[in-house]
Number of protein chains: 2
Amino acid sequence: MTSRQDLFDTLAQVGKALGSGHRLILLERIAQGEASVETLASAADLTVGNASAHLQHLRRAGLVTATRSGKQMLYRLTDQRLVTLMSLMREVAETNLAEMERLVSRLFAEKNADGALEAVSRDELLAGLKTGSVALLDVRPENEFAAGHLPEAINIPLEQLESMLDELPRDREIVAYCRGPYCVLSHEAVQRLRKLGYRVRRFDEGFPEWKAAGLPVH
Amino acid sequence: MTSRQDLFDTLAQVGKALGSGHRLILLERIAQGEASVETLASAADLTVGNASAHLQHLRRAGLVTATRSGKQMLYRLTDQRLVTLMSLMREVAETNLAEMERLVSRLFAEKNADGALEAVSRDELLAGLKTGSVALLDVRPENEFAAGHLPEAINIPLEQLESMLDELPRDREIVAYCRGPYCVLSHEAVQRLRKLGYRVRRFDEGFPEWKAAGLPVH
DNA sequence: CCAACATTCTAATGATTGTTAGAATAAAAC
DNA sequence: GTTTTATTCTAACAATCATTAGAATGTTGG
């Protein structure tokens with residue numbers, strides 16, 4: 001009867017791997033596209049050594065793979081289903097953990113002055129894109145945009161937002177997106193663009209969720 | 001920037017809760033229907049005190065709730081999505097962890113003498129039920145059957161299999177199911193019934209997966 | 001081959017978790 | 001009210017995990 005226990009212990013490795021905030025942040029970044037240890041360490045605010053250790057952990061649990069490219073190791077997700085898995089975790093947590101709501105609103109607190117929290121759902125966005133009534137804005141850094149983005153999205157990394165305003169339409173609503181539901185970039189963008197008088201809302205989800213849903217990407 | 005970390009740490013509580021073989025076994029049992037601490041402790045082969053501690057852990061992570069019923073506390077899942085979450089974990093683990101395959105086949109090794117591992121998929125089962133070409137056999141204990149089962153299933157708990165053979169048809173194929181993909185009951189049943197000359201296969205999944213898929217239950 | 005760089009490994013530390021046995025609590029039965 | 005039964009809490013210990021600093025490995029570019 002111990003082989004049953006072994007099986008569940010091995011399955012639990014996947015859970016364990018998902019059981020650390022630092023690793024979830026690493027995964028959020030990896031889901032944007034392959035990245036080096038240093039990139040990942042800085043995204044998660046970890047020392048390189050520590051990030052490497054967490055990445056080994058994720059690797060042993062079968063969640064990421066690494067390939068060498070020159071001097072760097074590039075980590076990527078083994079499986080698109082992980083994005084779905086993490087979305088489900090998020091939904092379960094938001095539904096059943098009272099604390100989550102508080103933390104989400106705190107994270108976006110200062111960015112929610114004038115209703116910037118109201119998000120566009122996937123269906124709304126799809127409808128808007130079909131009729132051409134919205135322009136899509138990707139505010140992630142350039143290299144993440146290059147690794148994959150929503151069709152017809154314009155890339156203006158958040159740092160360059162004010163200097164690239166001429167790329168944005170005035171006559172249509174703008175929908176901004178970034179890495180995912182817990183990424184602050186699009187919130188920040190919405191806040192800043194609203195101050196400048198743009199009609200802009202953020203998209204509910206990010207690039208990984210869009211891709212995992214089987215929707216077309218570029 | 002620490003509120004972002006807090007958010008992911010809280011989300012990670014869900015992962016942590018899923019990061020223990022003992023807790024996954026508890027959840028497999030809870031997914032069959034509400035159960036007392038003692039029932040759960042014996043299902044997971046834990047002392048009652050230890051099981052209680054794990055259940056508190058699951059509770060804090062928002063995965064289960066408890067209500068008192070007389071002397072007993074009854075634990076149940078907070079959320080049907082957890083069954084989907086665990087199925088996804090299983091798929092990811094089976095796809096990406098080589099060890100899983102070995103462990104699954106070891107768990108069912110002795111029960112796979114004559115191809116008893118070949119399972120019926122959900123679609124096959126649905127088709128067979130529609131045409132009336134299969135009889136459904138639920139080999140879980142009586143109380144789990146009573147808490148919910150697939151429509152038209154006959155309940156013969158594994159221990160009573162040989163003494164209740166007259167409930168089983170000889171002219172149709174029998175499909176046996178139990179708690180889920182890693183439950184040995186239906187395997188054992190298939191093996192024993194085949195020795196007796198019955199035409200019988202097992203169902204891929206269990207009652208919780210069927211229910212979580214939104215299919216009708218009784 | 002050497003120097004520079006990216007990553008992983010090692011060893012040591014502190015923090016967290018799992019487990020047990022036994023005490024405390026809470027409801028039910030008498 | 002006292003006893004019984006089910007569960008949770010407490011304290012203690014062992015085991016596991018996260019983190020850091022620094023050494024070791026492997027790759028690139030001279």
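Only a predicted model underlies this, so the values are computations on that prediction, with no experimental measurement involved. A, B, ... follow the sequence lines: proteins, then strands. Residue 1 opens every chain.
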- Protein-nucleotide distance (A:R68, atom CZ; D:dT27, atom P), rounded to Å: 5 Å
- Message: By nearest atom, which of the nucleotides D:dT8, D:dT20, D:dA6 is closest to the A:N50 side chain?
- Response: D:dT20
- Query: Is the shortest distance from a Lys or Arg side-chain nitrogen in B:R201 or B:E118 to a carboxylate oxygen in the other one below 4.0 Å?
  - Reply: no
- chain A contact limits on DNA chain C, taken 5' to 3' with a cut-off of 4.0 angstrom to heavy atoms: C:dC5 to C:dT8
- Note on the structure: note: A:K16, atom NZ; D:dA18, atom P; distance rounded to Å ~ 10 Å
- Just how far, in rounded Å, is C1' of D:dT19 from NE2 of A:H57? 14 Å
- Grab the two heavy atoms, one from A:H149 and one from A:F207, that are nearest each other, plus how far apart they are. N-CE1, 3.4 Å
- Can you say whether the rings of A:H187 and A:F108 are parallel (under 30°), tilted (30 to 60°) or perpendicular (over 60°)? parallel
- Whole-Å distance between D:dA18 P and A:L26 CG? 12 Å
- Ion pair B:E144/B:R179, N-O distance below 4.0 Å: yes
- Message: If I take atom CG in residue A:D9 and atom P in nucleotide D:dA15, what distance separates them, rounded to the nearest angstrom?
- Response: 16 Å
- Message: Could you tell me how far apart B:L55 (CG) and D:dA6 (P) are, to the nearest whole angstrom?
- Response: 16 Å
- Item | Among A:E34, A:Q72, A:R76, the one residue meeting side-chain hydrogen bond (donor to acceptor under 3.5 Å, both in side chains) with A:T67 | A:R76
- Please give, in whole Å, the distance from D:dT7 C1' to B:R59 CZ? 10 Å
- Take atom NE2 of B:H54 and atom P of D:dT8, then tell me their distance rounded to the nearest Å. 13 Å
- Message: By the definition side chain to side chain contact (heavy atoms under 4.5 Å, CB included), identify the one residue from A:L136, A:L137, A:V175, A:V217 that meets it with A:L150.
- Response: A:L136
- Message: Here's a test of your reading of the structure: between A:K71 and A:R23, which maps to the more 5' nucleotide of DNA chain D?
- Response: A:R23
- Task: Tell me whether the OP1 or OP2 atom of D:dA6 has a side-chain N or O from B:Y75 closer than 4.0 Å.
- Result: no
- Task: Apply the side chain to side chain contact (heavy atoms under 4.5 Å, CB included) test between B:L40 and each candidate in B:I25, B:L26, B:V48; give the one that qualifies.
- Result: B:L26
